[in-house]
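All ligand and atom numbering here is 1-based and tracks the order in the structure.
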Amino acid sequence: MQLRIARFLAQTRVEGPGERACIWVQGCPIRCAGCAVPWTWPEDGGQAISVEDLARRVLDGPPVEGVTFAGGEPFAQAGPLAQLAALLRAEGLSVLTYSGYTLETLRRGARADWNALLSATDLLVDGPFLAARTGGAAGLAGSSNQRLHFLTPRYAHLREELQFDPQRIEVRLGADGEILVNGVVSPDALEAMLDGLACVEPSSRGRR
Ligand code: SF4
């Protein structure tokens, strides 16, 4: 099975608990106003990679405790992501999945691929990015409507910490001067931070 991805990061500390690999999928039908990553919207952008190759990139990379699926919209590619999650969970990794859909919508959809990805997810961060609700957003949420759902006991002990931690980002400077940002930050805060810097497609997420 193939996936389309916008970006892969082998190790990060700001995309969920501990050190994690992060996969930003390509394609999002939700298209929130104010989305910080509109280049992830087209379904035919990014790059195609097989589930097996992506699993190998995660498992052969630096040590991580889990993987985060961000986007784009992970549930737009729920089938292959569920397969990838199963391969990684078999190796003991945890799975954090973002979605612009609410958990209620995903459950009401009663789709086999959505249910498979939900079943393979330890921690779900749900809901669309709402630009008017960035104030008060904390932790892994880009806007305050987004909720954390602990779908397995794996991270239940971090419930308070993950809900109320400050938002965090990482900034990487490439050899060619490219600045890459990931983590959770509001578009306004990101713009202010990068003001005056030459920035090429920062991979931050307004909602995430
Ligand atoms: S914030 Fe997320 S769900 Fe909303 S349009 Fe952007 S990628 Fe899609």
Side-chain angles (χ1 to χ4, degrees), residues 3-9 12 14-16 20-49 54 67-82 84-85 95-109 111 113-114 117-118 120-121 123-149 151 162 167-170 180-194 199-208:
L3 269 164
R4 287 203 81 86
I5 66 170
R7 187 183 178 195
F8 170 77
L9 199 51
T12 170
V14 299
E15 301 291 350
R20 315 183 69 76
C22 188
I23 294 159
W24 288 268
V25 298
Q26 181 70 34
C28 181
I30 299 176
R31 310 203 167 185
C32 311
C35 170
V37 288
W39 57 87
T40 67
W41 291 359
E43 291 174 6
D44 57 356
Q47 65 174 112
I49 184 169
L54 201 44
V67 64
T68 294
F69 298 147
E73 172 50 50
F75 280 85
Q77 299 186 68
L81 280 180
L84 177 61
V95 175
L96 187 163
T97 306
Y98 278 92
S99 180
Y101 299 115
T102 63
L103 178 58
E104 292 81 359
T105 297
L106 293 169
R107 287 198 166 134
R108 265 200 311 271
R111 284 176 46 165
D113 57 342
W114 286 4
L117 183 54
L118 284 174
T121 294
L123 179 57
L124 175 77
V125 185
D126 80 340
F129 171 68
L130 298 180
R133 293 186 58 180
T134 55
L140 298 170
S143 56
S144 60
N145 59 297
Q146 294 173 334
R147 302 165 300 171
L148 273 58
H149 299 278
L151 302 181
L162 292 176
Q167 294 175 327
R168 296 180 299 152
I169 60 169
E170 289 172 350
L180 292 167
V181 180
N182 69 287
V184 181
V185 63
S186 73
D188 287 349
L190 179 65
E191 196 174 330
M193 189 193 77
L194 296 176
C199 181
V200 181
E201 291 193 352
S203 292
S204 67
R205 301 182 308 277
R207 69 179 173 95
R208 296 168 177 180

TODO: Verify the neighbour count for atom CZ of Arg31: are there more than 12 heavy atoms of other residues, nucleotides or ligands below 6.0 Å?
DONE: yes
- [ ] Look at the N, O or S atoms of Cys35, main chain and side chain alike, and state whether any lies under 2.8 Å from atom 6 (Fe) of ligand 1.
- [x] yes
Open item on the list: At less than 4.0 angstrom from any non-hydrogen atom of Cys32, what atoms of ligand 1 do you find?
Closed with: 1 (S), 3 (S), 4 (Fe), 5 (S)
Open item on the list: Could you check whether Phe8 and Trp24 have their ring centres less than 6.0 Å apart?
Closed with: no
TODO: Say whether, by atom type as modelled, one donor and one acceptor occur between the side chain of Ser143 and the main chain of Thr134 under 3.5 angstrom.
DONE: no
TODO: May I ask you to list the atoms of ligand 1 that are less than 4.0 angstrom from any heavy atom of Phe129?
DONE: 1 (S)
Open item on the list: Checking contacts here: is it the side chain or the backbone of Tyr98 that comes within 4.0 Å of ligand 1, counting heavy atoms only? Could be both or neither.
Closed with: neither
Task: Leu123 and Thr68, any side-chain heavy atoms less than 4.5 Å apart - done: no
- [ ] Evaluate the ring planes of Tyr101 and Trp114, with Trp represented by its six-membered ring, and classify them as parallel (under 30°), tilted (30 to 60°) or perpendicular (over 60°).
- [x] tilted
- [ ] Examine ligand 1 and decide if any of its atoms is less than 4.0 Å from a heavy atom belonging to Gly72.
- [x] yes
Open item on the list: Could you tell me, atom by atom, which parts of ligand 1 come under 4.0 Å of a heavy atom of Arg31?
Closed with: 5 (S)
Open item on the list: So, 2.8 Å as the limit: is an N/O/S atom of Cys28 located closer than that to atom 8 (Fe) of ligand 1?
Closed with: yes
TODO: Assess whether atom CD of Glu43 is packed by more than 12 heavy atoms of other residues, nucleotides or ligands within 6.0 Å.
DONE: no
